[in-house]
Amino acid sequence: MQSRAPHTARAGEFTATPPDGRILLVSCYELGQEPLGITVPAGVLARAGHPARLLDLAVSSIDIDAIERADLVAVSTPMHTALRLGTQVAAIVRRVNPD
């Protein structure tokens with residue numbers, strides 16, 4: 001069995017993603033803490049051979065280019081306040097990348 005390096009990502013940083021990596025994980029409202037709502041799934045996806053790009057909206061602005069390239073966008077809303085931002089992100093995703 002081949003060993004893989006553990007997936008690591010810091011808040012507000014994109015992971016190194018090959019050109020065919022089309023998964024975008026967006027975190028809303030982590031107040032600058034490590035966005036576990038996206039880093040944990042990103043690690044699971046990476047181990048399965050599906051690297052994801054990460055976007056933490058607490059420390060970065062929305063990346064329209066990443067949304068346009070994505071085949072899948074998942075939005076983490078860890079608390080009720082984040083749900084308002086998450087619904088705004090979902091509306092942007094639907095407008096920019098309706099597929």
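Scope of the values below: all heavy atoms of this structure, side chains included, with no hydrogens, waters or symmetry mates.
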- Task: Apply side-chain contact (heavy atoms from CB on, under 4.5 Å) to R53 and R69, showing your working.
- Result: CA-CA 11 Å; R53 297 188 73 162; R69 290 188 306 270; 2.3 Å; yes
- Task: Quick one: do T77 and T87 satisfy side-chain contact (heavy atoms from CB on, under 4.5 Å)? Show the steps, please.
- Result: CA-CA 9 Å; T77 56; T87 57; over 6 Å; no
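Distance check, rounded to the nearest 0.5 Å: CG of L57 to SG of C28 gives 5.0 Å. Note that the CG atom of D63 and the CG atom of L54 stand 12.0 Å from one another [nearest 0.5 Å].
For the side-chain contact (heavy atoms from CB on, under 4.5 Å) test, residues two or more places apart in sequence or in another chain that qualify with D99 are N97. Among residues two or more places apart in sequence or in another chain, the side-chain contact (heavy atoms from CB on, under 4.5 Å) test is passed with V73 by L24, V26, A70, V75, V93. With sequence neighbours excluded, the residues satisfying side-chain contact (heavy atoms from CB on, under 4.5 Å) with V40 are L36.
The two residues G37 and S76 have their closest heavy-atom pair at CA-OG, 3.7 Å. Between I23 and P51, the shortest heavy-atom distance links the atoms CB-O, 4.2 Å.
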For residues 78-86, dump all side-chain donor-acceptor pairs below 3.5 Å to protein atoms at least two apart in sequence or in another chain.
none

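Tested against L25, the residues L45, L55, L72 include a single side chain to side chain contact (heavy atoms under 4.5 Å, CB included) partner, L45.
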